Amino acid sequence: MSSHAAHHSTERAGKRSVSLAQSLIKEIEERTGTSGFSSVVAEALEEWLASQKLREVVAADRKEFGPVSAEARRQAEQEW
């Protein structure tokens, strides 16, 4: 579990009803047991949210500064 998910374990939980493929449910429960299912879902959603926030930052940066130049990309690849 991520440290962010661990932080939320002390936060009051809310309930939502979601529909998932039975095969997905089965595979997750085989690995976590039924009691670990909510933690897996919470961690996956936290990762999705972090990804969405990063996309928003990148989009705002592109809007303000334009796309990354080919030269800047080459320099970043060389330094990587």
Side-chain angles (χ1 to χ4, degrees):
M1 184 184 324
S2 73
S3 61
H4 192 62
H7 168 70
H8 283 295
S9 65
T10 59
E11 188 176 327
R12 186 171 176 203
K15 289 191 172 230
R16 294 293 182 266
S17 175
V18 297
S19 298
L20 303 168
Q22 288 292 327
S23 59
L24 180 59
I25 293 169
K26 181 181 176 193
E27 282 193 58
I28 292 170
E29 287 183 346
E30 285 173 354
R31 288 165 173 80
T32 66
T34 55
S35 62
F37 195 90
S38 291
S39 295
V40 169
V41 172
E43 186 173 343
L45 289 173
E46 287 175 352
E47 289 178 14
W48 177 85
L49 185 57
S51 175
Q52 290 301 113
K53 289 177 178 180
L54 181 58
R55 288 173 194 249
E56 291 167 6
V57 168
V58 170
D61 186 76
R62 284 187 179 154
K63 184 176 181 180
E64 184 172 347
F65 300 107
V68 176
S69 70
E71 177 57 32
R73 283 181 192 264
R74 276 193 293 275
Q75 182 179 355
E77 287 170 356
Q78 288 175 353
E79 292 178 10
W80 187 262

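On a predicted model such as this, the values are computed, not experimentally measured, just so you know.
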Give every donor-acceptor pair under 3.5 Å between a side-chain atom in residues 17-25 and any protein atom, sequence neighbours left out.
none

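- For the atom pair CD of Glu30 and CD1 of Ile28, the computed distance is 10.5 Å after rounding to the nearest 0.5 Å.
- Distance OG/Ser35 to CD/Glu29: 9.5 Å, rounded to 0.5 Å.
- Once rounded to the nearest 0.5 Å, the distance linking OG of Ser38 with CD of Glu43 reads 13.0 Å.
- Here the CZ atom belonging to Phe37 is positioned 7.5 Å from the OG1 atom belonging to Thr32, to the nearest 0.5 angstrom.
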Checklist entry - Would Glu71 and Arg74 satisfy salt bridge (charged side-chain N to carboxylate O under 4.0 Å, His left out), going step by step from the backbone distance to the final call? => result CA-CA 5 Å; Glu71 177 57 32; Arg74 276 193 293 275; 3.2 Å; yes
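- A salt bridge between Arg73 and Glu77 is absent, with no side-chain N of the basic residue lying under 4.0 Å from a carboxylate O of the acidic one.
- Checked against side chain to side chain donor-acceptor pair (under 3.5 Å), Glu79 has the following partners two or more places apart in sequence or in another chain: Gln75.
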